[in-house]
Amino acid sequence: MPKPKQKNNYREFLKKKRKFDKKVKQGKIFKDTDHDGLSDYEEKYLYGTDPKNPDTDRDGMKDGAEVKRGRNPLGKGTLKDLFIPHAGNNYKPHALKPKRLLFHAAGVVAIKAIVVAFILIYPISAWLSPDMALAEAKKIIELTNNLRKAISLPALLESEKLNQAAYGKVEDMALNQYFAHTSPAGLSLKDWLKKINYQYAVAGENLAVGFSRAEDVVLAWKNSPTHYSNIIDGDFKEIGVAMADGKLNQIDTAFIAQYFAAPATVANLPSEPITPKLIQPEVNQPAGNSEVQGEKVNLTPAPAAINQQTTILSIKADPLNNEKAIQIKTILPEDTVSAEIIVDNKKIALNKESSQANIWNGAALISAAEEKNILNPLVPASLTATNSSGAAGYGKVDWDDVKIIKTTPLEHYQLYKNNPAAAMAPVMSLSNLYFKLILALALIALILNIFIEIKKQHPHIIAYSLAFLSLLMAMIIF
């Protein structure tokens, strides 16, 4: 409602307005001398405007048009009516009226929904540009060195050659659709180093798939003894990391390789082919955030209690009880007396087949919750075996089908929000700028509403305003 004549309070204004409306309904005709859309009676007794001047405040708009739009026909009142509580707006600034706040709230939610929808249809392969992949790789190196510094180890130096070798590995995994230390063509860590002519005394490899943030990858490696042993190995002097996008089982994902090495000198160049060294971590391996694999090769191979040839681990549906089961089949040395698989901290004992002494297998039913923990995302599994002399050894376990789980909508959104792609950054910046601008204006209006007329408050106005401010802050944070 526009501002009434100054000498009248708001109640008197409403009383006279009702009387005027009643006379109009009764058919009484009021004269409009200046033809501005307001009768002389309204201008004189209700709004205090000049009945002979169609534009009393000389702002280019007729008095009647201003009244219809809710503006003050006496001039310089638009901002005042919007933000300042006074008798003319019944101490309810127009900017804080519930209908206006609901309108802006709907607009804010609609804009946020459009941004979220745009993000969710934006593929990971489009996000992981070469610049972004390089930035994430640099961050992985930084976080890795932070772990080393925490235990007083010297930082690893970034090697462009190792970066090149790691990139060759991730590109090969993406192109040939596998996730393992040894490719379908039989290429392993030493082959990738040989391709770039890197002479080394000792080298190691950490792999990951299904990640999108450097922090998640390094945390998973830290929680896996085999990978952590590479990270904190004092023999390594240099590091290289590469990340590449691709699809695995028709799902967008990211392949990551982390290479460690110590350059060879003339004195320590190997005279014989390098043999893989079997690392023996703790048995109860924490689960990471996705599937990871770790391997180290050294000049002198360490003795191992087992010499695992092949292990197949899979999850199959059980039609009889509508559950799923983990199935394992592996070949172990003949002197093995016991063995078990550990998947997501679930221990599954293996039994020797009676027909063939060196074949071991096992199975265990898993609940829906356990299946989610194991496959969402896929976590590493480990094999331990004990021989007749009591020596225990460790081996890595390959899945017969790597089940990369698609990124959830929330993870997808958080990924792009925290690391927006070049094409998406302007969209997110403009939307956040709009939210912050509306938040600032609403906050100013609420503060003015409370403190200018502190004795005349409308609780529902304050409640609606606080709810609107909360919504805006949620849109900015989320």
Side-chain angles (χ1 to χ4, degrees), residues 137 140 156 159-209 217 221 224-231 233 235-244 246 248 255-264 268-281 291-304 306-313 330-331 378 380-383 393-402:
I140 288 174
L156 298 170
S159 165
E160 286 303 320
K161 280 197 169 185
L162 289 181
N163 285 340
Q164 185 180 348
Y167 186 74
K169 176 65 176 180
V170 293
E171 283 286 282
D172 189 65
M173 288 193 293
L175 290 173
N176 294 296
Q177 291 291 281
Y178 74 95
F179 177 66
H181 290 288
T182 303
S183 74
L187 299 176
S188 62
L189 168 59
K190 58 184 180 182
D191 296 301
W192 297 111
L193 295 175
K194 184 178 180 181
K195 281 178 178 290
I196 52 100
N197 195 29
Y198 186 94
Q199 300 294 328
Y200 62 96
V202 61
E205 176 185 74
N206 282 347
L207 301 179
V209 67
V217 180
W221 285 335
S224 171
T226 51
H227 303 89
Y228 188 59
S229 63
N230 274 342
I231 290 173
D233 195 319
D235 292 339
F236 296 139
K237 306 301 178 185
E238 297 183 346
I239 186 174
V241 177
M243 178 185 288
L248 196 58
F255 297 87
I256 304 168
Q258 183 182 47
Y259 276 12
F260 305 91
N268 63 19
L269 279 173
S271 57
E272 297 181 358
I274 294 176
T275 307
K277 174 184 177 181
L278 190 63
I279 303 171
Q280 300 183 18
E291 185 178 357
V292 290
Q293 295 189 13
E295 181 183 56
K296 178 181 177 180
V297 293
N298 208 323
L299 284 172
T300 307
I306 62 173
N307 183 20
Q308 180 193 356
Q309 300 296 319
T310 180
T311 299
I312 300 299
L313 187 151
T330 186
I331 300 173
L378 187 63
S382 60
L383 166 69
Y394 163 87
K396 67 179 183 294
V397 179
D398 292 329
W399 295 75
D400 65 345
D401 184 19
V402 181

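Residue numbers count from 1 along this sequence.
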Roughly how far apart are [X] [atom1] and [Y] [atom2], rounded to 0.5 Å?
X	Y	atom1	atom2	value
K169	L207	NZ	CG	5.5 Å
D172	F255	CG	CZ	10.0 Å
Y198	E160	OH	CD	12.0 Å
Y200	L189	OH	CG	6.0 Å
I140	I256	CD1	CD1	4.5 Å
Y178	M173	OH	CE	6.0 Å

*Could you tell me whether the side chain of K161 and the main chain of N197 form a donor-acceptor pair under 3.5 Å?*
yes

*Between the main-chain N or O of D235 and the side-chain N or O of D233, is there a donor-acceptor pair closer than 3.5 Å?*
yes

_All side-chain hydrogen bond (donor to acceptor under 3.5 Å, both in side chains) counterparts of Q164, not counting sequence neighbours_ = none

*Can L162 and L193 be said to form a side chain to side chain contact (heavy atoms under 4.5 Å, CB included), step by step?*
CA-CA 7 Å; L162 289 181; L193 295 175; 3.6 Å; yes

*Can you name the closest pair of heavy atoms from A166 and V241 and give their distance?*
CB-C, 4.1 Å

*Please name the pair of heavy atoms, one in W192 and one in A165, separated by the smallest distance, quoted to 0.1 Å.*
O-CB, 3.8 Å

_Counting C-beta onward and ignoring hydrogens, is there a side-chain heavy-atom pair between V170 and M243 closer than 4.5 Å?_
no

*Going by heavy atoms in the side chains, are N206 and F260 under 4.5 Å from each other?*
yes

_Using a 6.0 Å cut-off, check whether atom OH of Y167 has over 12 heavy atoms from anything other than its own residue._
no

*Begin from the C-alpha positions of Q258 and N230 and carry the test side chain to side chain contact (heavy atoms under 4.5 Å, CB included) through to its verdict.*
CA-CA 10 Å; Q258 183 182 47; N230 274 342; over 6 Å; no

